[in-house]
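Quick note on labels: first sequence line is chain A, next is B, and so on, each numbered from 1. In what follows, every heavy atom counts, from backbone to side chain, and hydrogens, waters and symmetry copies are set aside.
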There are 2 protein chains.
Amino acid sequence: MDRETEDLEISQLAFDERGLVPVIVQQYDTLEVLMLAWMDQEAIRRTLETGRAWYWSRSRQMYWMKGESSGNIQEVMQLRYDCDGDTLLLSVDQKGPACHTSHRTCFYRTLLPGKVPSTSSRTAATGDMPLS
Amino acid sequence: MDRETEDLEISQLAFDERGLVPVIVQQYDTLEVLMLAWMDQEAIRRTLETGRAWYWSRSRQMYWMKGESSGNIQEVMQLRYDCDGDTLLLSVDQKGPACHTSHRTCFYRTLLPGKVPSTSSRTAATGDMPLS
């Protein structure tokens, strides 16, 4: 593992005024979006070094490893960053449910009832979405 | 469209100290994660009413409709919110590239080189990821 390259990349990220970046967490094979959490430089280093997802809890003001109490860990598959360097996309293999409500994904509720496209893509739109 | 229900849901979201929530934007059929942006209550209302994605620009301090200058609009398919009500997941049909760099997704760079799983899921991990 090339630490210099990693450190260079990590330091180049655009952390916010709290030293954090939002992290979108996606199941690597189904591509379902599971949750959003936050990392600082240390959480990123722990995640890369351990192969398990580590985050910074804004409410508890502490590091936490996803699944450390529930056992529902996230095995790291890939970590990408966006054009502005201020958001991460973490591909994981999620063991068990990602959400503390026991839903597979934290995004299990809809604000706008599903808008059905007027074309034949209806099946894809309604069939592929992880509506748990 | 049931505005009372929508208003109720919108007001129940957990906006941050700036009145914003992060919005994960995902292509509705391929499930590729395209970008992350921010909405306030007004941007959510504009998005639901117009069927086009509207965001709040933190740098320019103004509303912007995705694609208003480029033509690369986002047709809204579904809007979900997470267990804490502090993050949105917007399913869209993205016209053209989502990123201002002309990449399809803003997440075109990898921080950690792809970690190849030790099982037969290698094909899925390397073949399904939008490595542009």
Side-chain angles (χ1 to χ4, degrees), chain A residues 1-2 5-6 9-10 13 22 24 26-37 44 47-48 51 58-59 75-91 93 99-101 103 105-117 121 124-126 128-131, chain B residues 1-2 5-6 9-10 13 22 24 26-37 44 47-48 51 59 75-91 93 99-101 103 105-117 119 121 124-126 128-131:
Chain A
M1 197 173 282
D2 185 346
T5 301
E6 281 177 19
E9 297 286 6
I10 292 174
L13 293 173
I24 302 165
Q26 185 177 34
Q27 173 66 25
Y28 83 100
D29 48 2
T30 65
L31 303 188
E32 184 176 23
V33 173
L34 301 172
M35 55 183 276
L36 184 130
I44 295 173
T47 297
L48 295 180
R58 295 173 302 165
S59 57
E75 183 184 351
V76 173
M77 306 302 282
Q78 193 177 61
L79 185 56
R80 280 179 282 165
Y81 58 104
D82 73 349
C83 52
D84 298 325
D86 63 2
T87 305
L88 301 180
L89 176 59
L90 180 62
S91 296
D93 191 10
C99 189
H100 71 286
T101 62
H103 288 85
T105 170
C106 293
F107 297 94
Y108 55 88
R109 292 175 295 185
T110 303
L111 193 62
L112 175 68
K115 181 188 170 193
V116 179
S121 57
T126 55
D128 289 344
M129 302 308 294
L131 297 168
Chain B
M1 195 172 281
D2 184 348
T5 302
E6 281 178 18
E9 297 287 5
I10 293 174
L13 294 173
I24 302 165
Q26 185 177 34
Q27 173 67 25
Y28 82 101
D29 49 1
T30 65
L31 302 187
E32 182 175 25
V33 173
L34 301 172
M35 54 182 277
L36 184 131
I44 295 173
T47 296
L48 295 181
S59 57
E75 183 184 351
V76 173
M77 307 302 281
Q78 192 177 61
L79 185 56
R80 280 179 282 167
Y81 57 104
D82 74 348
C83 53
D84 299 325
D86 64 1
T87 305
L88 301 180
L89 176 58
L90 180 62
S91 295
D93 190 10
C99 188
H100 72 285
T101 61
H103 289 85
T105 170
C106 293
F107 297 94
Y108 55 89
R109 292 174 295 184
T110 303
L111 192 61
L112 175 67
K115 180 189 172 193
V116 179
T119 69
S121 56
T126 55
D128 289 345
M129 301 310 292
L131 297 167

Contact class of A:Thr87 relative to chain B, heavy atoms under 4.5 angstrom: both

For A:Asp93, is it the side chain, the backbone, both or neither that has a heavy atom under 4.5 Å from a heavy atom of chain B? neither

Exactly one candidate in B:Leu89, B:Leu31, B:Asp82 meets side-chain contact (heavy atoms from CB on, under 4.5 Å) with A:Val33; the answer is B:Leu89

Quick check for you: to the nearest 0.5 Å, what is the distance between A:Leu36 atom CG and B:Ile24 atom CD1? 4.5 Å

I'd like to know if the side chain of A:Arg80 and the backbone of B:Tyr108 have a donor-acceptor N/O pair within less than 3.5 Å. no

Side-chain contact test, heavy atoms from C-beta onward, threshold under 4.5 Å: evaluate it for B:Cys99 versus A:Cys83 and give yes or no. yes

Using side-chain contact (heavy atoms from CB on, under 4.5 Å), reason through B:Met35 and A:Asp84 one step at a time and then give a plain yes or no. CA-CA 10 Å; B:Met35 54 182 277; A:Asp84 298 325; over 6 Å; no

